[in-house]
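See structure below.
Numbered from 1 within each chain, the chains take letters A, B, ... in sequence-line order.
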Amino acid sequence: MTCLPGHTDKKLGLVIDLDTCVGCHACVTACKGWNDQGYGAPLSDQDAHGADPSGTFLNRVHSYQVAPPDAAPFTVNFPRSCLHCEDAPCVPVCPTGASYKRAEDGIVLVNEAACIGCGLCAWACPYGAREMDAAAGVMKKCTLCVDRIYNENLPEEDREPACVRTCPTGARHFGDLGDPDSSVSRLVADRGGVDLMPEMGTRPVNKYLPPRAKDLGGNAAPLAPLLDVQAAGFAGWLDRMLGKIG
Amino acid sequence: MTQPILNLSPPVSDEIRQTTCYMCACRCGINVHLTSGKVSYVEGNRAHPVNKGVLCAKGASGIRQITAPSRLSQPLRRVGPRGSGAFEPIGWEEALALAVEWMAPLRETAPEKLAFFTGRDQSQSLTSFWAQNFGTPNYAAHGGFCSVNMAAAGIYTIGGAFWEFGQPDWDHTRLFILFGVAEDHDSNPIKIGLGRLKARGARVVGVNPVRSGYNAVADDWYGITPGTDGLLILSLIHCLLEAGKVDLAYLARFTNAPCLVGPDGLFLRDADDKPLVVSQGAAVPFDTPGIAPDLGATHQGARTVFQHMAERYLSPDHAPEAVADRCGIPAPRIRALAAEIAEAAFNHPVTIHQPWTDFRGDRHEAMTGRPVSFHAMRGISAHSNGFQTARALHLLQILLGAVETPGGYRFKPPYPKPAEAHPAPHCKVTPGKPLDGPHLGYPRGPEHLCLRADGTPARIDKAFSWENPLSAHGMMHMVIANAHAGDPYRIDTLFLYMANMAWNSSMNTAAVMGMLTDKSADGEYRIPRIIYSDAYASEMVAYADLILPDTTYLERHDCISLLDRPISEPDAAGDAIRWPVVEPDRDVRGFQSVLIDLGARLGLPGFVDADGAPLYADYADYIVNHQRRPGIGPLMGWRGDGEAEGRGDPNPAQLDRYIENGAFYQAHVPEDARYFKPWNRAYQDWAVRTGLYDAPQPYLLSIWSEPMRRFQRAAEGEGPRQPPDHMRARLKQAMDPLPCWYPPFGDDAAADYPLHALTQRPMAMYHSWGSQNAWLRQIHGQNPLYVPTAVWQAQGFAEGDWARVTSPTGEITVPVAHMAALNPRTVWTWNAIGKRKGAWGLDPQAPEATKGFLLNHLIHELLPPKGDGHRWSNSDPVTGQAAWFDLRVRVEKCAPPPEALPQFPVLPDQGRGRA
């Protein structure tokens, strides 16, 4: 069994804006592309051109229909990956110590050299954020691109997770949620960012910004007609209209 | 337990090569990482003007496209019956000799017997040049079945279209309204723009029957009934006019609103043929300096366009209450949207303190605009009323003063470019000689139609005929059906590039396969020869007699040219290249190089020198050395001595300079030229300097379309060139010089087929050439029919159920899924996910084939027979755009079949070795 660090120096994580995410899946394949050649074993695909293709993804996007009783139905696009929880249930269940949370930045990782592929961590995760790689037999999960964010071989502006770098709408933000003055913390404060399934007691580091209220109509005053066109006739309308030109 | 020590700075790759993506038509800049000579990672190029570093789902998946088992690997010659997929590999020399053996005699005797049509390629300035020099009138790309309504309505009305040819002023717009957009060519720029609007709290409104994607993040959603967008837009115009919320000063100065409409419906003109306006009581040419054109004038009994326009849309027919039921949107909601538009436009004008001078020579101290912008695409255009609907939307922009003003819609060079600045179409065939001019263009009247001496269509697709006079992109969707029918004539060789006409790019797919394999009484195929080039084993491959295998996008040269569809931004003209960042591992050649080779072998002008020797070694050589006009070539950057921009001699080092710069070039628009481009002297002069124009071409936005009126007059019996009588009524309605709305032709079937059926393109697979991608197919490997709540409940559907979907001309059986956020009279599915068994290098039991499906089987290329003996194409009567979204269906629950229906015989894998 593995212990969670009592304290992490930073709480690195993602803030994902559900008001802006259009569900394009750019983050899904950018993640796959980087991590296929990055930290640990490649993200394998099985039956890639076959009848039942499947593969390992560290980040997936789901679209949900929401039908409130008294408002128009709407669609929410929901990217899902490891939330790097402060009380990550996937860590203490690991029998080999492979699943761990980094003390310096709070990133939850799998030490693949120690992973026996038992799958207990995936069972423990209430978010379905871990995927067993069928080829390598080890557990894969979001690394927050730990091999990018400190990587001195990358230009400084690229030292962020691949999903954040690629997101076309800018719906994904990366930073230290342990620092109340960080841009991500301020975003969470300004936009009422929420924990996913707080009742699970996992204390996720990642936050979601909820969709803004929709379908309220504009706040414009109704348009007042210049005059009653039917009564005044087109000529009357034209006079009134062109009188405006000044 | 101690934490493992990690290497936090692993090497990323050996080398980065920067080129242009081609996973769709967006043309983003990409960094292709190479490790040990192999592509190891693909990411967006931060310096690139299109994507600014971001990249979509397709772009990052390109790494799996270049190793896909569906890649063709060598030239093939058909050995079995057509459609069987039985081929033998041949060498390139034999393949090219065979193509020449087929085509050379046609050029000498009857060039029109070659029909050359290209799909989603981006080299139309080369392919059209080749076809023109071959001499056939039968050339076009795929715009006719894509979105020509959008392109043509934009160019005829405001001098440029949506698409990637312009964009909202993302910096200043306050209200952004999307009509009928699920995804578009400008996919990453739209996403970047939406993100910016969201970040600064601007409002986004979606008008779309389906609330997915962009419409899902819209702050407000109008779930309109398909085919009624024009009705809604004209009602918004009604509300704005009624309240006096239009930009009169803009209308008077920059549009044809003050022009005088004579009794014949054409403008009063002076001796120099300039339209007249009234200023201070006198009729003067529209471009007279210092005038204040009077919108309310009458002159010699002629009223202004403004009066004709306002009178029409103020009519109670256009009131929200009169259209609400048909649009599926309550009248108060329509009024609220109009109020929201007026509020943003007129209570929050945007002023940039930048003096500028207009085409009349009048100086303006500032640039003031209306922060309302729009984007629209196939949802409004793929209907038989799509052209007029797109024109209505442009009229709304014009009335707001929101075209080329701060906060509104901005053109990207080479636009603005009005219809008058484009060529007219050409069709005069002379055996052994080039065509008399470019194939495609913008007719200004019946004199520009492509008709033969007997009045029948000159083109195999009947583009630019009375049936669809303004078919500016041709009508690729009619080529096979017309060639099979011999209507208007028979052809010999059909030459296609990158166009999956035996599957998702055709209406009535099963019948098209039949046409491709059908034989005449003499035992010969009705379409005798088919040459096809593609990089992948699409469904079309099996129907060709000769296959010329293309490379993938990372193995080739390309130019994304200002002569074609460049990568410009509103503040910069831009173009780009692709170059081989990896070498092909197969015996394949870039199609454009093959075309240049064929041009030389055929001795076509422009491809051989005076002695008949080839002018160009390959496409790269052509890109650098071809000059369309003296000093103007495919690429604008680093010409001449390496410093010339736009105009200059060929520079042998040009491609190297592009590669050094990340594969693109930009020429920046001067500060005082950034807005009001159609009228701004500084912009017009810059465009001439840069080679975009040869002379300034200011123009007025076209509320009243004289070209339309000229066709309408012909339908009324005026003029020397007259339509056949059976087309007069339809032309008179469709060629209305003011935007109008009429029910889509598909609604004739509404009584028995109560639902509308649409497709949308998934963002992760926009454009189907990525559909066999190993990663992307895990995201969209099958496509249910999405059904609205009312239908779901009425049919008693449950998860996992199937339905029989019937249209007036076809039937499919498919899986269904419930969707709440959907117009209650509409069903829809993802476009082009369904595959034929055995195609695309996929297992025949792939879900794309067993559960995926096409709506195409339900859509006929012709309208139901009218009993008049004529074949009426299922297209917009103005442009010929395929009316895909006119489709009406009936949906009934049925027992699940083992597989989606219809099914077709499994295609063999053509020797590639199936995965």
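Of the inter-residue distances, the one linking T143(A) atom OG1 with H84(A) atom NE2 reads 7.0 Å to the nearest 0.5 angstrom. Taking CE of M139(A) as the start and CG of L109(A) as the end, the distance is 14.0 Å to the nearest 0.5 Å. Rounding to the nearest 0.5 angstrom, the gap separating the OH atom in Y39(A) from the SG atom in C142(A) is 11.5 Å. One finds the CG atom of N215(B) at 6.0 Å from the CG atom of L178(B) (value rounded to the nearest 0.5 Å). Within the model, atoms CG of D52(A) and CD of Q845(B) stand 11.5 Å from one another, a figure rounded to the nearest 0.5 Å. Considering CG of D105(A) and CG of L12(A), their distance stands at 4.5 Å, rounded to 0.5 Å.
Using a 4.0 Å cut-off between a side-chain N of Lys or Arg and a carboxylate O of Asp or Glu, R191(A) and D17(A) qualify as a salt bridge. A salt bridge between E242(B) and R335(B) is present, with a side-chain N of the basic residue lying under 4.0 Å from a carboxylate O of the acidic one. Salt-bridge annotation for D215(A) and R333(B): absent, with no side-chain N of the basic residue lying under 4.0 Å from a carboxylate O of the acidic one.
Heavy-atom distances place the side chain of Q230(A), and not its backbone, under 4.5 Å from chain B. Residue I149(A): no heavy atom, backbone or side chain, is found under 4.5 Å from chain B. Using a 4.5 Å cut-off between heavy atoms, Y214(B) contacts chain A through both its backbone and its side chain. Heavy atoms closer than 4.5 Å to chain B are found in both the backbone and the side chain of F74(A). Using a 4.5 Å cut-off between heavy atoms, C24(A) contacts chain B through both its backbone and its side chain. If you measure heavy-atom distances from R211(B) to chain A, the contacts under 4.5 Å come from both the backbone and the side chain. Contact annotation for A218(B): only backbone heavy atoms (N, CA, C, O) come within less than 4.5 Å of a heavy atom of chain A. For chain B, the nearby part of C21(A) is the backbone; its heavy atoms alone come within less than 4.5 Å. V146(A) touches chain B through backbone and side chain together, each having a heavy atom under 4.5 Å away. Looking at Y100(A), only its side chain comes within 4.5 Å of chain B, counting heavy atoms on both sides. Of the atoms belonging to D247(B), not a single heavy atom falls under 4.5 Å from chain A. For a residue to count as touching a neighbouring chain, one of its non-hydrogen atoms must lie under 4.5 Å from one of that chain's; by this rule A221(A) touches chain B with the backbone only. For a residue to count as touching a neighbouring chain, one of its non-hydrogen atoms must lie under 4.5 Å from one of that chain's; by this rule W237(A) touches chain B with the side chain only. If you measure heavy-atom distances from E152(A) to chain B, the contacts under 4.5 Å come from both the backbone and the side chain. For chain B, the nearby part of R212(A) is the side chain; its heavy atoms alone come within less than 4.5 Å. Contact annotation for P222(A): only backbone heavy atoms (N, CA, C, O) come within less than 4.5 Å of a heavy atom of chain B. Using a 4.5 Å cut-off between heavy atoms, L241(B) touches chain A through backbone and side chain atoms alike. Using a 4.5 Å cut-off between heavy atoms, A67(A) contacts chain B through its side chain alone, with no backbone atom that close. If you measure heavy-atom distances from N77(A) to chain B, the contacts under 4.5 Å come from the side chain alone.
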Decide side-chain contact (heavy atoms from CB on, under 4.5 Å) for L776(B) and K58(B); before the verdict, give the C-alpha distance in whole Å, the side-chain angles of both, and the deciding distance to 0.1 Å. CA-CA 7 Å; L776(B) 299 176; K58(B) 296 159 296 179; 3.9 Å; yes

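No donor-acceptor pair closer than 3.5 Å links the side chain of R303(B) to the backbone N or O of H308(B). With hydrogens and angles disregarded, no donor-acceptor distance shorter than 3.5 Å links the side chain of R165(A) to the backbone of L55(B). Judged by distance alone, the side chain of N823(B) and the main-chain N or O of G223(B) form a donor-acceptor pair under 3.5 Å. No donor-acceptor pair under 3.5 Å is formed between the side chain of Q778(B) and the backbone N or O of P53(A).
Among A336(B), A68(B), G53(B), the residue with the largest count of heavy-atom pairs under 4.5 Å with chain A is G53(B). No other option in A342(B), A310(B), G296(B) has as many heavy-atom pairs under 4.5 Å with chain A as A310(B). Highest contact tally toward chain A, considering only E343(B), K52(B), Q307(B), is held by Q307(B) [criterion: heavy-atom pairs under 4.5 Å]. Considering only heavy-atom pairs separated by less than 4.5 Å from chain B, the leading option among T75(A), T166(A), N153(A) is T166(A). Counting heavy-atom pairs closer than 4.5 Å to chain A, the top-ranked of the candidates M763(B), K191(B), R64(B) is K191(B). If you tally non-hydrogen atom pairs under 4.5 Å between each of L8(B), N7(B), I192(B) and chain A, the highest count goes to L8(B). Ranked by heavy-atom pairs under 4.5 Å with chain B, the first of N151(A), D228(A), L227(A), T20(A) is N151(A). Highest contact tally toward chain A, considering only A60(B), A846(B), A820(B), is held by A820(B) [criterion: heavy-atom pairs under 4.5 Å]. Ranked by heavy-atom pairs under 4.5 Å with chain B, the first of G170(A), A224(A), G23(A) is A224(A).
For CD of E156(A), the number of neighbouring non-hydrogen atoms (other residues, nucleotides, ligands) closer than 6.0 Å is 12 at most. Annotation: K214(A), atom NZ; neighbour count of heavy atoms from other residues, nucleotides and ligands within 6.0 Å is above 12.
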